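All remarks here apply to the structure that follows.
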Amino acid sequence: MRPVEKWIWLPETEYPDIQATRYSWMDTERPEHRFAVAAFSREYRFDKEIRQGHLRFSGDTAFALFCNGDHLANGPVLPGGDFLDIYAKEALPQHYATEMVLDASSGFREGKLDFYAQVRLSPSRCFDFSRGHGGFFLTAHIRFADGTKTVVYTDGTWQAKHLTGYLQNGRFDNSLPEGKTVAAVPVKNIWNCQTAPIPPCTLTSMEAGELVIPAGQKVEKFLSFDMVYAGYLTAKAKTSGRLEVTVHCRELDENGSTERYTFVRDADVLGQEMHSAGGLWVEAENFGDRDAVVSLGFITSHFPVDVCARTLASDAELNRVLDTCVHTLKYCRQPIHLDSPRHCELLACTGDYYIETLMTAFSFGDMRLAAFDVRRTAELLRYRDGRMFHTTYSLIWVQMLMDVYRLTGEKELLSDCEDGLTLLLDRFHTYLGDNGIIENPPDYMFIDWLVPDGINMHHPPKALGQTCMNLYYYGALKTAVKIYELLGEQAMAKQYETRMTALHTAILENLYDADRGLFFEGLNTPTREDLIGEWMPQNVEKRYYRKHANILAAYFGFFDKAQCAPLMERVMEDDSLGVVQPYFAHFLLEAIYRSGLREKYTLQILELWKEPVRECSKGLAEGFYKPEPNYSFDHSHAWGGTPLYSLPKALMGLEITKPGMREIRLSPSLLGLGYARVTLVTPFGHVVCEMKENQAPVITHPEEVTVLVD
């Protein structure tokens, strides 16, 4: 079925100033940019019953699509982007269309097909991208009950309207004259969409609450949710006078994100922005002479969930931690993984999304989003010649690529990303100095969300970032050797093995203190002046011994297990090495596992999560320790959700011995618990391991999965 992709927009003759837009929210060099929201609609009537509709659609910059009054999807699925791209002076090359099958609708029996789309012109969040012009397209392949078919699509027969009430991001005012309805006009297809290999997000309407505002009075009210959700605000106002409404989306008690509405007559508002909210603080003031009413709602959004497996333990607080982790993960899975639906950062936050991908294996088990993110990141690496803003995250992408392959068995993923992998590793080879280690990167970020001695480890100087950077590069080379071997590229595997061996020697010579038996975090030599900038501070004279580099050494197997185990015991017992935040605790738990110390330390580390969850179980806190006194953590940050992966893996003693989990090895242990039941979601069904104190574990699994038990 060849795609029909005919784009429409508001006519330029009527609306010359709301045609073009900026490419990203940071692109400030396009003076013709203006915020606007347009509506497009078309009613179709057929003389026979509709059985099914196969839809393909997209829009620029953001849209909500309805059919027969049902809210089908928000979109579009975007390329995701890197922080380098938000300053871009040109559009990202790739845009995506969504496909979905509509099998049931209230009007299908009567042959009714009414489409309505509300489309925003303007990137207004970090992860928004535009091709520089407003547009929307929809194609529907319709199958009737009698077996016949037809095709309908956006064209000049569709109606268009400028929704003048939407003034700017989060600001609505219907005191302005309404836009008139005109015929939509075809516009040049500058998008040429690929079809996204993921379904649209699941959208669910929640009623938040209703406020009655007496004439001449102001009412304030908090409308609480049971959990922190990601989604879009809706408001329905009934008023005969001026009504001012401000809605603060709060996860807890912070100011949060805000939308403001001015009503002078009845209206329905569909919010344009994703919020993260555990409740709504509403301020409404009625300037009229009659009572007014405003009803608020929240449309939650998340990647579809077909399965939700759970790990249960005899420790009720641990179960509560896992429940909070899985809930937060669910709402960070949107058309791209998000660090948090409050921050809405870019695809390039690979460190977050790698951990979220592993969490998915013990919860939802659906790796389509992870595989798509891996492929989209390979696209970023192609566009940028192997360069990403967060240098360590680009190296973590190599681990994500390999692990998604292990979980899915999709070997094509490796070949699809091979060129991105080569560009990335060859770029890092250029960062090596005469001493054989990375000396000249554009930055050393990201390490952890900490500020020792007033130095931000988001973008640390060499003395706090160099060793971690070199170990991430070592791990990427080590993984790349395996990838090229799997692809049958023996010469490439040998090339990267040679580089890995040389780097191992250089790290040991330059960054390891044999007398103390510890890695230090980096050299104290000056950083070249031409490299100094916003994200690369000049180096400091102090030598730092911290947990981070030593954790990564064990994580990547820099030494054999017999040497890594005492190194990790030192990390766990030596308080002078500082602390780690939830993000880096993922690498800590994995290093403990790989060093054969899971039974000794896993539960001890997981204790760190209990207090934050006691304080708030509605969503997962961004950190254990505030990096700065006035910093306010969000409670929707899945990068700290590694217990959802690390605990069940440690309980099972899981090793994937054949890709796609066709064969796994288990070494079950209660780790000191009295009871545990772990469910691993595989492509073939669930592997369940149930353990009780003083009893042999009971393991059930699909016949397609071979389970080896130690």
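Starting from 1, each residue takes its place in the sequence as its number. What you see is a predicted model; the values in this text were computed from it and never measured.
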Check: Phe519 ring centre within less than 6.0 Å of Phe558 ring centre: yes
Check: Trp609 ring centre within less than 6.0 Å of Phe624 ring centre: yes
Taking the side chain as C-beta and beyond, is there a heavy-atom pair between [X] and [Y] under 4.5 Å?
| X | Y | value |
| --- | --- | --- |
| Phe303 | Pro199 | yes |
| Phe127 | Leu347 | no |
| Glu573 | Tyr601 | yes |

Does [X] come within less than 4.0 Å of [Y], counting only side-chain N to carboxylate O?
| X | Y | result |
| --- | --- | --- |
| Glu317 | Arg320 | no |
| Arg375 | Glu410 | yes |
| Asp574 | Lys547 | no |
| Glu273 | Arg125 | yes |
| Arg406 | Asp403 | yes |

Contacts of Ser301 that satisfy side-chain contact (heavy atoms from CB on, under 4.5 Å) - sequence neighbours left out: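 Applying side-chain contact (heavy atoms from CB on, under 4.5 Å) to Ser301 gives Cys201, Leu203, Tyr232, Met274, Gln334.
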Residues in ring-ring contact (aromatic ring centres under 6.0 Å, His included) contact with Tyr473, at least two apart in sequence or another chain: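 In terms of ring-ring contact (aromatic ring centres under 6.0 Å, His included), with neighbours along the sequence ignored, Tyr473 is linked to Phe428.
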For His343, ring-ring contact (aromatic ring centres under 6.0 Å, His included) partners two or more places apart: His637
Donor-acceptor side-chain pairing of [X] and [Y] below 3.5 angstrom:
| X | Y | result |
| --- | --- | --- |
| Glu254 | Ser632 | no |
| Glu690 | Tyr675 | yes |
| Ser636 | Glu251 | yes |
| His275 | Ser257 | yes |
| Arg598 | Ser667 | yes |

Flag if over 12 foreign heavy atoms under 6.0 Å of NZ, Lys692: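 Result for NZ/Lys692: open.
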side-chain contact (heavy atoms from CB on, under 4.5 Å) assessment of Met572 paired with Gln604: CA-CA 10 Å; Met572 291 299 299; Gln604 177 184 329; 3.5 Å; yes
Derivation of the side-chain contact (heavy atoms from CB on, under 4.5 Å) call for Thr350 and Thr392: CA-CA 9 Å; Thr350 319; Thr392 66; over 6 Å; no
Met457 versus Pro460, closest heavy-atom pair with distance: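 It is O-CD, 3.5 Å.
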For Trp639, the option from Phe633, Tyr353, Phe446 that meets ring pair (Phe, Tyr, Trp, His ring centres under 6.0 Å): Phe446
